[in-house]
Amino acid sequence: MSGIRTLIQKKVAFYGAGSMAEAIARGLISRGVLSPSSITMMNRSNRERLQELENKYGVITARETAAKEDVLQTTDVIILSMKPKDAAEALRYLGPLLSPGQLVVSVIAGMTIETMQTLLGKKHPVVRTMPNTSSTIGLGATGIAFSEEVSDEDQHLVRTLFEAVGIVTIVDESTIETLTGISGSGPAYIYYMMEAMMEAGVRGGLSSEQARDLTVQTVLGAARMVQQTGESPQDLRKKVTSPNGSTEAAIGVLAKGHFKETVHAAVDRCAERSREMGNALKEEIN
Ligand SMILES: NC(=O)C1=CN([C@@H]2O[C@H](COP(=O)(O)OP(=O)(O)OC[C@H]3O[C@@H](n4cnc5c(N)ncnc54)[C@H](OP(=O)(O)O)[C@@H]3O)[C@@H](O)[C@H]2O)C=CC1
Ligand SMILES: O=C(O)[C@@H]1CCC=N1
């Protein structure tokens, strides 16, 4: 890939090399925003996983402790992408290695800016984000909250990184748990709905391939209709729903099952769970 002009001339390290790190790295590389040689990925111990990422994307990986330390001390942007339960230990380790010019960006659900800075042991510039796995194909939706210490230039850099893999919205940190309930975890709700529609199709006699194709196109078409017509989902729903017709009958069943209330409760519970995970991290400080 050397010789190909990329948008950002910065070194980025993923500290944690799981699904979310892969989704963002893959999106950044395929969109030409970062070259694979500007990306280092590292994890705790799974060497096979690092080999897989090297083979798939040509990224650099750091395996030995000395190599990891070197990356953490020198890389422009460090993206914290481990599970919340592993974050406290990782941040405590990272804090003393950081120098002032480096930027720390977290994708970790629940972990507040205050907790990050306390665990790092200083008011280092940090960014709290909530992306989603659709970043893999450039259709992600990421919420971003900056700590006061993040410069305008670094705010622009982070925006550019995440805009390369989807849409970005800058939010007040107080709303990021709700945002997690909508867009961070949201893809899973849509997949769950799709699973149910496909199962129902097969139960009614369609082949699994037919049920899959029809469901996928229906979800895709419905999302695109909202995006491209500018009409509200409610108005678009009414256009599908003939008086006393089949859609009205189906919506009636969903309403009887408290569909909207159930979705609201799911989003609320997701946000609450994010806060619980954040509080568990806060407790680790004391
Ligand atoms: N998946 C999703 O849809 C989304 C996830 N997130 C957030 O992304 C984060 C990661 O989630 P996900 O990718 O699903 O998780 P995964 O379990 O897929 O990956 C976690 C990674 O972190 C690594 N890790 C754990 N501890 C350390 C450590 N001390 N030092 C370095 N690496 C470490 C693991 O390495 P090893 O395997 O060697 O232990 C693994 O590579 C979570 O905090 C989650 O809240 C945010 C938005 C969406
Ligand atoms: O389930 C989780 O905790 C993470 C956060 C958002 C999506 N996955």
Side-chain angles (χ1 to χ4, degrees), residues 13-27 39-54 56-57 59 61-72 75 78-95 97 104-112 115-116 119-120 126-137 139-145 161-162 165-169 171 176-192 266-281 284:
F14 287 89
Y15 191 18
S19 353
M20 200 56 237
E22 181 176 3
I24 299 170
R26 179 174 158 170
I39 298 178
T40 305
M41 304 191 78
M42 52 196 170
N43 57 15
R44 187 170 30 193
S45 54
N46 186 344
R47 287 168 179 247
E48 277 172 28
R49 169 68 176 160
L50 293 183
Q51 191 59 55
E52 180 196 344
L53 292 166
E54 253 182 51
K56 267 166 105 172
Y57 307 109
V59 294
T61 57
R63 294 157 201 230
E64 310 304 333
T65 306
K68 288 188 204 175
E69 258 188 38
D70 183 53
V71 170
L72 295 174
T75 305
I78 296 162
I79 304 190
L80 302 172
S81 39
M82 63 282 296
K83 292 284 190 201
K85 69 178 176 53
D86 298 316
E89 190 189 327
L91 278 157
R92 282 204 182 95
Y93 176 69
L94 175 63
L97 301 175
V104 176
V105 177
S106 164
V107 304
I108 299 170
M111 187 168 58
T112 63
T115 299
M116 270 190 262
L119 287 165
L120 289 172
V126 297
V127 184
R128 180 175 174 192
T129 75
M130 178 44 58
N132 68 25
T133 48
S134 308
S135 303
T136 309
I137 55 162
L139 290 176
T142 304
I144 300 180
L161 282 171
F162 284 95
V165 294
I167 65 157
V168 163
T169 181
V171 293
I176 212 154
E177 274 85 15
T178 299
L179 182 144
T180 304
I182 304 292
S183 53
S185 300
Y189 320 155
I190 307 299
Y191 299 138
Y192 201 33
V267 171
D268 289 351
R269 177 64 192 127
C270 181
E272 184 184 36
R273 180 67 197 134
S274 299
R275 274 184 221 106
E276 286 169 7
M277 294 191 296
N279 288 337
L281 268 161
E284 286 200 43

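Remember, predicted model here, so these are calculated numbers, not experimental data. Atoms within a ligand are numbered from 1 in the order they appear, just like the ligands themselves.
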_Please determine whether the number of non-hydrogen atoms from other residues, nucleotides or ligands lying under 6.0 Å from atom CD of Glu69 exceeds 12._
yes
Closest protein heavy atom to [atom], given as residue, atom name and distance to 0.1 Å:
| atom | result |
| --- | --- |
| atom 3 (O) of ligand 2 | Met277 CE, 3.9 Å |
| atom 33 (C) of ligand 1 | Arg44 N, 3.7 Å |
| atom 6 (C) of ligand 2 | Ser185 OG, 3.6 Å |
| atom 40 (C) of ligand 1 | Ala17 N, 3.9 Å |
| atom 26 (N) of ligand 1 | Asp86 CB, 3.4 Å |
| atom 20 (C) of ligand 1 | Ser81 O, 3.9 Å |
| atom 7 (C) of ligand 2 | Gly184 O, 3.5 Å |
| atom 48 (C) of ligand 1 | Met20 SD, 3.5 Å |
| atom 4 (C) of ligand 2 | Ala109 CB, 4.7 Å |
| atom 19 (O) of ligand 1 | Gly18 CA, 3.2 Å |
| atom 6 (N) of ligand 1 | Val107 O, 3.6 Å |
| atom 1 (N) of ligand 1 | Thr133 CG2, 4.1 Å |

*ligand 1 versus Ala188, non-hydrogen atoms closer than 4.0 Å: side chain, backbone, both, neither?*
neither
Donor-acceptor contact present, side-chain [X] to main-chain [Y], <3.5 Å:
| X | Y | value |
| --- | --- | --- |
| Ser81 | Gly16 | yes |
| Ser185 | Gly181 | no |
| Thr75 | Val71 | yes |

*How far apart are the closest heavy atoms of Ala109 and Met130, and which atoms are they?*
CA-CE, 3.7 Å
*Does Met130 have a heavy atom less than 4.0 Å from any atom of ligand 1?*
yes
*Is ligand 1 less than 4.0 angstrom away from at least one heavy atom of Lys83?*
yes
_For atom 47 (C) of ligand 1, tell me which residue out of Gly186, Pro131, Ser134 has the closest non-hydrogen atom._
Pro131
Need the ligand 1 atom indices (1-based, order shown) with element for anything under 4.0 Å from a heavy-atom of [X].
| X | answer |
| --- | --- |
| Asn46 | 37 (O), 38 (O) |
| Gly16 | 21 (C), 22 (O), 23 (C), 32 (N), 41 (O) |
| Ser45 | 38 (O) |
| Ala109 | 43 (O), 45 (O) |

